[in-house]
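Here is how names work: the chains are called A, B, and so on, in the same order as the sequence lines, proteins then strands, and each is numbered from 1.
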Amino acid sequence: MIPIILKDGSVYETTEGASWRDVASGLSRRLGKEALVAKVDGKLEDLDKKASPEEKVEFCTFADEEGQAVYRHTSSHLLAQAVKRLYPEAKLAIGPAIADGFYYDFDTEHSFTTEDLALIEEEMKKIKKADYPVVRQELTHEEAIALFEEKGEPYKVELIKDLPADEQVSIYKQGEFTDLCLGPHLPSTGKIGVFKLLSVAGAYWKGSEKNKMLQRIYGTSFPKKKDIDAYLQRMEEAKRRDHRKLGQELELFGVSDEGPGFPFFYPKGMTIRLELEGFWRSEHQKAGYQEIKSPVILSRSLWERSGHWDHYKENMYFLKIDDDDYAIKPMNCPGAMIYYNNRVHSYREFPMRIAELGLVHRHERSGVLHGLMRVRCFTQDDAHIFMLPEQITDEIIGVIDMIDHFYRTFGFTYRVELSTKPEKAMGSDEIWDTAINALEKALEVKEIPYKLNEGDGAFYGPKIDFHLQDSLGRSWQCGTIQLDFVNPESFDLTYISDDGSKKRPVMIHRVIFGSIERFLGILTEHYGGAFPIWLAPVQVKVLTVASRHTEYAADLAHKLEKEGIRIEVDDRNERVGYKIREGEVQKVPFLLVLGDQEVESQTVSVRKRSVGDQGAFTLQEFIDNVKEEISQKT
RNA sequence: GCUGAUGUAGCUCAGUUGGCAGAGCAGCUCACUCGUAAUGAGCAGGUCGUCGGUUCAAAUCCGACCAUCAGCUCCA
């Protein structure tokens, strides 16, 4: 008998030679059926592996993220096996599990079509049905290279050559198919429930655009049909929330062929935007910021001085004025530097918080444009804070708190990343280390978990990024806090210290929305177009039952307008049902239905968006309720 | 920028082997004066993304370009 330590610390005795699968089955019939992989001392192992004594084991099922990853990873091997059967000349690259599914990259002359995906799926079903055992095998480095060279898999050979030569290489076999793989995997191909291939797209080998572009097939898999159906339905629902679709339907914003990447804001979208900016202004005034506006076009010499000419040129637009070179600003910082330098500053002014809603233009490559999320001109809700070195941590904490307050107002959860010195950077390593330490310290004080992104900082300093997700689960950077020791140097910023000497201030750049355009795109998807009343372009829509109610409607509308409520009147000769439908489709928070009863009793019938008829209220009651809801920003 | 797909009325989409450009919704006009998610009838609306080629004839076949979509790469 050998003792196994379970998750809860208890000891389970199993017989010599038993596998992890036997242990799982021994614990409970259900676990034996549902266990996908064993987690032994924190490391995932195949269920077929022999159970080892005195080790702490737990079992992952599809309910666990790790179980799902293994499940999808084996699914990707199913895909690869099917492709090799149908297209033997296809070369295998890599095929990992990803969030919600898996992919596999292939190199082949044939370009996969959606019809091919159906055929590949059929082949995968055969492989599943055959229920091949998935068998792990370990080879030496040389044996592995020889094996994949013989199989004609150059990408696999390249991968093995990147591995340490003195270590064993693991491979997995299922039927006639063999793949280089770290594992672990499900015990057999029949363990995969239902799967679907979703799309095919190009992807660079090893993620570098210098390398060959391969073909990537995306798919997903679930144990039960109802789960995959639910997943596919969720994706459909997400598409309905796409801000590009809603922007068009609700007449908020759009882009035209005449200006790829340069979005238009229509009157209704502009209303939301102005509300966002109004909220932003009042919060910044409260937090001690002053607002400036710097010009969109500035001279070449400025951009050379700021480093943008050397480090950011490929993203900038240029023009000539009277034979001199100018550039359209891709960032607001140099403008803020010029503002700072327009007079002498004292340490007593610090921290000096200078905010700017600055319109920047950046040349983005055509393939990356995406509605309002990725555009060629956008408005950063920027601010530059000038301060003493000892004020850094407090100021960063202040900005983190402000970002949190903003995102909470909209009901967002977010992810934080810290990015360090990139290859193409200005400034010494010492300066960078100091800056990174300051950012880390602020995050530690706030106890915010974050992901470290080595080498992902801006060319002038490290940054803390705040990421929000769109309706399809894609993540977009919005807020960012960037420490900058470089620009104060380049622009020779100074202040008069308490001992009367000139010193160098420290500066941070920060944005909260990030880009107002992107933020509005994300907001649109977040609310599915049903904006809370403080943001809704039309807050109340007044509907008449018949033409004789027009006068009463106009009178009420006038009173609501005087209260600062955004209203529309629909007094067309249409049925009430038709007008209500239209109001609901336009996602107006409140509809007021006015007919004989309301005129008679001098009331309004209130219909709340997506809830329905709320009954009759006096106009004053309704106004009070609406104003309360607007001020609550809910 | 790269790989693949797509581009027909304001929107969503039909359009067969090349042979007169179509529907629904929206818009406009008329009738109905109506009570909580679509009243009926009529009218109008199109360089078929752009440019070029093949053909007696091109929305349809070929080429180039532009834009969009998915993904990759790159970034707020």
Please check the phosphate of [N] (OP1 and OP2 only) for any side-chain N or O of [X] closer than 4.0 Å.
X: Arg244(A); N: A70(B); result: yes
X: Tyr578(A); N: A26(B); result: yes
X: Arg365(A); N: C75(B); result: no
X: His370(A); N: A70(B); result: yes
X: Arg376(A); N: A76(B); result: no
X: Gln482(A); N: A76(B); result: yes
X: Arg572(A); N: G27(B); result: yes
X: Arg575(A); N: G35(B); result: no

Any chance the side chains of [X] and [Y] put a donor and an acceptor closer than 3.5 Å?
X: Ser306(A); Y: His308(A); answer: yes
X: Ser610(A); Y: Lys587(A); answer: no
X: Glu517(A); Y: Thr379(A); answer: yes
X: His110(A); Y: Asp116(A); answer: yes

Rounded to the nearest angstrom, tell me the gap between atom [atom1] in [X] and atom [atom2] in [N].
X: Lys210(A); N: C2(B); atom1: NZ; atom2: P; value: 16 Å
X: Lys239(A); N: U12(B); atom1: NZ; atom2: P; value: 15 Å
X: Trp476(A); N: C74(B); atom1: CH2; atom2: C1'; value: 12 Å
X: Glu236(A); N: A70(B); atom1: CD; atom2: P; value: 13 Å
X: Glu258(A); N: U68(B); atom1: CD; atom2: P; value: 11 Å

Under a 3.5 Å cut-off for both distances, is [N] Watson-Crick or wobble paired, and to whom?
N: U29(B); value: A41(B)
N: G24(B); value: C11(B)
N: A67(B); value: U6(B)
N: C34(B); value: none

#### Entry: Residues in side-chain hydrogen bond (donor to acceptor under 3.5 Å, both in side chains) contact with Tyr450(A), at least two apart in sequence or another chain
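Scan of Tyr450(A) (side-chain hydrogen bond (donor to acceptor under 3.5 Å, both in side chains), adjacent residues dropped) gives none.
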
Side chain of [X] (C-beta onward), nearest among [options]:
X: Val368(A); options: G27(B), A67(B), C74(B); answer: C74(B)
X: Pro260(A); options: A67(B), A76(B), C72(B); answer: A67(B)
X: Met213(A); options: G71(B), C75(B), U36(B); answer: G71(B)
X: Glu598(A); options: G35(B), G1(B), A76(B); answer: G35(B)
X: Lys463(A); options: U33(B), A76(B), C34(B); answer: A76(B)
X: Ser515(A); options: A76(B), U33(B), C2(B); answer: A76(B)
X: Ser605(A); options: U36(B), C32(B), C75(B); answer: U36(B)

### Query
Ring-on-base stacking between Phe378(A) and A76(B), under 5.5 Å between centres and under 30° between planes: is it there?
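Yes, the aromatic ring of Phe378(A) stacks with the base.
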
### Query
So, for Phe318(A) and Trp309(A), is the gap between ring centers shorter than 6.0 Å?
yes

### Message
At 4.0 Å (heavy atoms only), tell me whether Gly207(A) reaches a base, stays on the sugar-phosphate, or touches nothing.
### Response
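Contact class for Gly207(A): sugar-phosphate only.
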
